[in-house]
Amino acid sequence: MDRQRALLIDITRCVGCGACSEACKTANKLPPETEKTLSATAYTVVQEKGDYFVRDLCRHCQQPTCVSVCPVGAFEKTADGPVTYDGDKCIGCRYCMTACPFSIPRYEWTSRAPLVRKCIMCSERVKEGKMTACSEACPAEATVFGWRDELIADAHRRISENPDGYYNLVYGENEVGGTNVLFLSPVNFADLGFPTNLGNAALPPLTWEVLEKIPNFVVASGVILGGLWWLINRRATVDELRHQTGESHPQHPGQSASTRTHQAGGESR
């Protein structure tokens, strides 16, 4: 994969000023009101988690699940790094919302022509060689924009130089195959609400492995269900014939011919 642009968010440096979310709203022409949770009008927010401030935004996965599940190609992983969205292609199926391991995409529920909304990492600015609006606005350099490989190296350097100040993990370096938004934290990421059980395998290949097995599963299930249908209907047919002939006791498969003859003779007497 070619070198890509990314963001490194250092939670130890964030002061909670909200300049990043304000800049995002301005760059995307969104309502200026401060919001604490992601929405169709807030692509990034700063949330207070105990003693720390934590940004929430699209992680721009290296192998995005939203891209793999979208049936019309409304999402695209660009060569620069951002995961973009084309509302003209979107059919509103919301598979992306279900598939995202970080629960990022938001839907315009109140719109008559609803679209999905999320951070696109200022893709047009990035194409022009500019910084993202959020990183440019951050006064504490808590959000840094740059090459992904260089940001990862810088993150590990910070940890090695201050092991007591950082939790020993660059979140996003490997999670779900890696993301283009990386995080450093002074505490365990689970304590800040980050999902920490996602594993390091990219999700789209796992999805396709499951989908490839579906035809065989469907065929096998069809055979089993067809067999059950035949047995149930055969039993119903046999019961109906017994009812018509007046037979009340089913003949057991293991019953001998002599026993049946004896029973018949006994009944005749």
Side-chain angles (χ1 to χ4, degrees), residues 6-61 64-66 81-83 85 94 96-110 115-122 131-145 151 155 158-159 162 165-176 178-198:
L7 293 170
L8 173 60
I9 299 173
D10 191 334
I11 296 171
T12 69
R13 298 185 180 186
C14 184
V15 296
C17 66
C20 53
S21 56
E22 292 176 8
C24 176
K25 280 178 170 283
T26 300
N28 291 285
K29 298 180 175 58
L30 300 172
E33 291 78 16
T34 301
E35 300 184 53
K36 294 300 182 182
T37 58
L38 294 178
S39 72
T41 55
Y43 301 167
T44 185
V45 295
V46 178
Q47 299 174 325
E48 193 169 352
K49 302 284 187 177
D51 297 329
Y52 306 103
F53 297 101
V54 181
R55 283 189 65 188
D56 195 13
L57 70 161
C58 175
R59 306 300 201 268
H60 299 277
C61 301
T65 314
C66 59
V83 175
Y85 167 75
R94 302 190 295 279
C96 55
M97 298 173 64
T98 303
C100 177
F102 301 103
S103 302
I104 297 299
R106 293 297 189 270
Y107 196 62
E108 294 178 329
W109 294 103
T110 59
L115 299 173
V116 174
R117 297 298 188 185
K118 74 171 195 69
C119 161
I120 58 171
M121 200 190 282
C122 296
M131 301 170 61
T132 61
C134 61
S135 61
E136 187 176 67
C138 182
E141 294 188 347
T143 297
V144 180
F145 179 73
L151 292 177
R158 296 186 196 187
I159 294 173
N162 186 13
Y166 288 102
Y167 183 71
N168 189 22
L169 176 70
V170 180
Y171 191 93
E173 179 179 5
N174 298 306
E175 281 72 17
V176 293
T179 67
N180 284 61
V181 177
L182 309 161
F183 291 87
L184 285 174
S185 170
V187 297
N188 190 318
F189 284 95
D191 297 338
L192 301 177
F194 284 71
T196 55
N197 60 345
L198 299 176

Side-chain (Thr44) to main-chain (Asp56) donor-acceptor, under 3.5 angstrom: yes
Ring pair (Phe, Tyr, Trp, His ring centres under 6.0 Å) between Tyr171 and Phe194, worked out: CA-CA 9 Å; Tyr171 191 93; Phe194 284 71; 4.9 Å; yes
Any donor-acceptor N/O pair, Tyr107 side chain to Arg94 backbone, under 3.5 Å: no
Looking only at heavy atoms, which two atoms of Leu169 and Phe189 are closest? And how far apart? O-CE1, 3.6 Å
Over all heavy atoms of both residues, which pair between Glu175 and Glu173 is shortest? Give the atoms and the distance, please. OE1-N, 3.7 Å
Of all the heavy-atom pairs spanning Lys25 and Pro31, show the shortest one and how long it is. NZ-O, 2.7 Å
Heavy-atom check, side chain of Cys14 versus side chain of Tyr52, under 4.5 Å: no
If you define the side chain from C-beta out and look only at heavy atoms, does anything of Ile120 sit under 4.5 Å from Val83? no
Considering only heavy atoms from C-beta outward, does the side chain of Cys134 approach that of Leu7 to under 4.5 Å? yes
Tell me which one of Leu8, Ile9, Thr143, Leu151 satisfies side chain to side chain contact (heavy atoms under 4.5 Å, CB included) with Val181. Ile9
Do side-chain atoms of Glu22 reach the backbone of Ala19 as a donor and acceptor pair under 3.5 angstrom? no
Are the side chains of Pro139 and Cys17 in contact, using a 4.5 Å heavy-atom criterion? yes
Can you give me the closest heavy-atom contact between Val144 and Ser135, atom names plus distance? C-CB, 4.4 Å
So does Leu30 get a backbone contact from the side chain of Asn28, meaning a donor-acceptor N/O pair under 3.5 Å? no
The reported gap from SG in Cys24 to CE in Met121 (rounded to nearest 0.5 angstrom) is 12.0 Å
Any donor-acceptor N or O pair under 3.5 Å, side chains Tyr166, Asp10: yes
What is the minimum heavy-atom distance between Gln47 and Lys36, and which atoms define it? NE2-O, 3.0 Å
Measure the shortest side-chain to side-chain distance between Lys118 and Met97 over non-hydrogen atoms and say whether it is less than 4.5 angstrom. no
Are any side-chain N or O atoms of Lys49 and backbone N or O atoms of Asp191, one a donor and one an acceptor, separated by less than 3.5 Å? no
Separation between CZ (Phe183) and CZ (Arg55), nearest 0.5 Å, reads 7.5 Å
Separation of Cys100 SG from Arg106 CZ (nearest 0.5 Å): 8.5 Å
Please examine the side chains of Ser21 and Thr34, heavy atoms only from C-beta on, and report whether any two atoms are closer than 4.5 Å. no
With side chains defined as the heavy atoms from C-beta onward, is the minimum distance between Leu115 and Tyr85 less than 4.5 Å? yes
For Ala140, is there any backbone N or O sitting under 3.5 Å from a side-chain donor or acceptor partner on Arg13? no
Less than 3.5 Å apart, any donor N or O on the side chain of Glu35 or Thr41 sitting next to an acceptor on the other? yes
Distance-minimising heavy-atom pair for Asn180 and Cys61: OD1-C, 4.4 Å
Does any non-hydrogen side-chain atom of Thr12 lie less than 4.5 Å from one of Leu184? no
